[in-house]
Amino acid sequence: MKIENVLTGFIAEPRGRDGLALAVLLARQARAKLTVATVQPPAWNTPGPAKADESAWRSYLREQADATLEQARELAGDEADYVVHTNKGSGRGLVELARKREADVVVIGSAPSGAKGRISLGSTADQLLHSSSVPVLLAPKGWSEEPPAEFERLTVAYRRGPGCDHAVAEAARAAVSLDVPLRLVTLVLSSARKAKIEQEMSERLREQAAADLKAAARGQRRRLQVDVEILEGRNVAQALGAATWLDGELIICASSSSGPLRRVFLGDTSIKIVKAATCPVMILTREP
């Protein structure tokens with residue numbers, strides 16, 4: 001994927017600062033344009049005497065938007081573009097704005113209800129992750145408190161199939177833009193039971209995963225460093241916990257094959273990866 005135009009939604013809360021810090025780092029390392037947006041609800045459109053209330057409400061919204069973007073400017077500097085967009089839903093507003101501004105990726109922070117260092121999906125993320133026409137990048141809660149100086153590696157959660165092959169190709173392009181190595185990982189999940197048939201099945205899964213990873217990496221190694229790794233565990237969280245993660249790591253997942261074309265659509269496995277990850281996660285759009 002190309003990273004030339006980064007869009008982030010900002011609110012004057014810790015989650016807004018998390019998303020902004022991640023967007024700033026991505027734009028800086030990719031030498032991309034950064035747009036910082038605040039999405040506000042529409043003003044009333046009430047006839048008659050209520051017009052006075054409408055005017056006060058519009059004035060209030062403008063003041064809030066100006067104050068919000070001023071906080072963002074203090075964090076991101078004067079080189080970014082700062083815009084106000086109107087929509088009833090913040091996620092839907094960012095989807096609209098991404099199309100309007102021709103963004104390559106939308107960056108947001110985690111919902112406030114989650115644990116520190118993890119990603120929790122709120123209403124904004126839900127809207128983006130089921131309708132965005134560009135990849136969505138999620139920052140873990142508290143990420144802005146000690147952000148890395150740079151991205152150090154991209155890790156693709158790989159499972160054989162056209163959608164994931166496309167994800168590998170897109171991740172390779174991003175790795176070249178960011179000048180970082182690429183890692184392909186496949187999760188092999190198995191129970192802790194030791195029945196012979198389950199051991200044999202697990203071994204076949206490992207062999208198939210190793211072959212799939214080798215094939216997926218083959219076409220990318222001419223352009224950049226590519227490592228492959230099989231992560232095993234009883235569930236997604238345990239498998240991810242078995243790997244080594246760098247401070248400047250970024251995970252990339254493909255969209256579900258059941259989702260609409262050229263849209264982000266979060267599948268069951270990707271949801272589990274997002275919730276178990278301790279680093280930012282990007283969900284790509286589904287391509288044919």
Side-chain angles (χ1 to χ4, degrees), residues 1 3 5-30 32 34-39 68-69 71-77 80 82 90-91 93-95 97-98 103-130 132 134-157 171 174 177-178 180 237 240 245-253 255 264 266 270-284:
M1 62 174 289
I3 307 175
N5 192 345
V6 177
L7 169 66
T8 184
F10 181 78
I11 58 175
E13 297 179 10
R15 53 179 165 160
R17 293 191 288 273
D18 292 335
L20 180 58
L22 181 56
V24 168
L25 177 58
L26 181 65
R28 184 176 70 232
Q29 194 159 337
L34 175 62
T35 300
V36 182
T38 181
V39 179
T68 296
L69 291 181
Q71 287 192 39
R73 191 185 302 273
E74 291 174 0
L75 297 170
Y82 296 89
S90 54
L94 290 172
V95 170
L97 196 55
D104 298 312
V105 59
V106 178
V107 187
I108 62 171
S110 173
S113 58
K116 185 175 181 180
R118 297 299 180 92
I119 297 171
S120 180
L121 304 179
S123 59
T124 300
D126 186 65
Q127 291 167 17
L128 282 166
L129 293 172
H130 288 90
S132 178
V134 300
V136 176
L137 177 57
L138 305 164
K141 184 177 181 179
W143 196 84
S144 62
E145 296 176 13
E146 293 184 76
E150 61 182 4
F151 289 111
E152 298 174 88
R153 182 172 61 190
L154 301 188
T155 291
V156 179
S177 297
L178 297 171
V180 297
L240 290 181
W245 300 96
L246 305 177
D247 290 339
E249 195 92 43
L250 191 156
I251 298 176
I252 295 180
C253 295
S255 276
V264 170
L266 200 61
S270 293
I271 288 176
K272 293 174 182 176
I273 291 174
V274 167
K275 292 183 176 180
T278 57
C279 60
V281 180
M282 180 185 292
I283 311 298
L284 301 181

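Just so you know, these numbers use all the heavy atoms, side chains as well, and skip hydrogens, waters and symmetry mates. Since we're looking at a predicted model, the values are computed, not measured.
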Backbone of Ser110 reached by a side-chain donor or acceptor of Trp143 within 3.5 Å: no

Ala237 backbone acceptor or donor facing Lys272 side chain under 3.5 Å: no

Nearest atoms (heavy-atom pairs only) where Lys275 meets Arg118: O-NH1, 3.7 Å

Heavy-atom side-chain contact between Asn5 and Asp104 under 4.5 Å: yes

Test side-chain contact (heavy atoms from CB on, under 4.5 Å) applied to Phe151 and Leu26, step by step: CA-CA 8 Å; Phe151 289 111; Leu26 181 65; 4.0 Å; yes

Any donor-acceptor pair under 3.5 Å from Thr155 side chain to Ile251 backbone: no

Ala125: partners by side chain to side chain contact (heavy atoms under 4.5 Å, CB included), with sequence neighbours left out: Ile108, Leu121, Leu129, Leu138

Distance-minimising heavy-atom pair for Asp247 and Glu152: N-OE2, 3.5 Å

Ile283 side chain reached by Val274 side chain, heavy atoms, under 4.5 Å: yes

Heavy-atom side-chain contact between Pro148 and Leu25 under 4.5 Å: yes

Side-chain donor or acceptor of Thr278 paired with backbone N/O of Gly117 under 3.5 Å: no

Steps toward side-chain contact (heavy atoms from CB on, under 4.5 Å) verdict (Phe10, Thr38): CA-CA 5 Å; Phe10 181 78; Thr38 181; 5.6 Å; no

Leu250 and Cys279: CA distance, side-chain angles, deciding distance, side-chain contact (heavy atoms from CB on, under 4.5 Å) verdict: CA-CA 6 Å; Leu250 191 156; Cys279 60; over 6 Å; no

Distance, nearest 0.5 Å, that separates CD1 of Ile11 from CD of Gln71: 10.5 Å

Sub-4.5 Å side-chain heavy-atom contact between Val264 and Ser255: yes

Stepwise side-chain contact (heavy atoms from CB on, under 4.5 Å) check, Met1 with Ile252: CA-CA 11 Å; Met1 62 174 289; Ile252 295 180; 5.7 Å; no

Approximate separation, where rounding is to 0.5 Å, of Glu249 CD and Arg153 CZ: 4.0 Å

Nearest atoms (heavy-atom pairs only) where Thr68 meets Ala12: CG2-N, 4.2 Å

Closest contact, heavy atoms only, Leu34 versus Ala76: CD2-CB, 4.5 Å

Check: Val95 and Leu128 side chains under 4.5 Å, non-hydrogen atoms: yes

Closest contact, heavy atoms only, Gly122 versus Ala111: N-CB, 3.5 Å

Spacing of Leu97 atom CG and Thr8 atom OG1 [to the nearest 0.5 Å]: 11.0 Å

Salt bridge (charged side-chain N to carboxylate O under 4.0 Å, His left out) pairs, two or more places apart, involving residues 11-26: Glu13-Arg15

Closest non-hydrogen atom pair, Leu240 against Ile273: CD1-O, 4.0 Å

Value rounded to 0.5 Å, distance of CE in Met282 from CG in Leu154: 8.0 Å

Glu150 CD to Leu178 CG distance, which is reported to the nearest 0.5 Å: 10.0 Å

Atom pair CD/OG of Gln29 and Ser177 - distance to nearest 0.5 Å: 10.0 Å

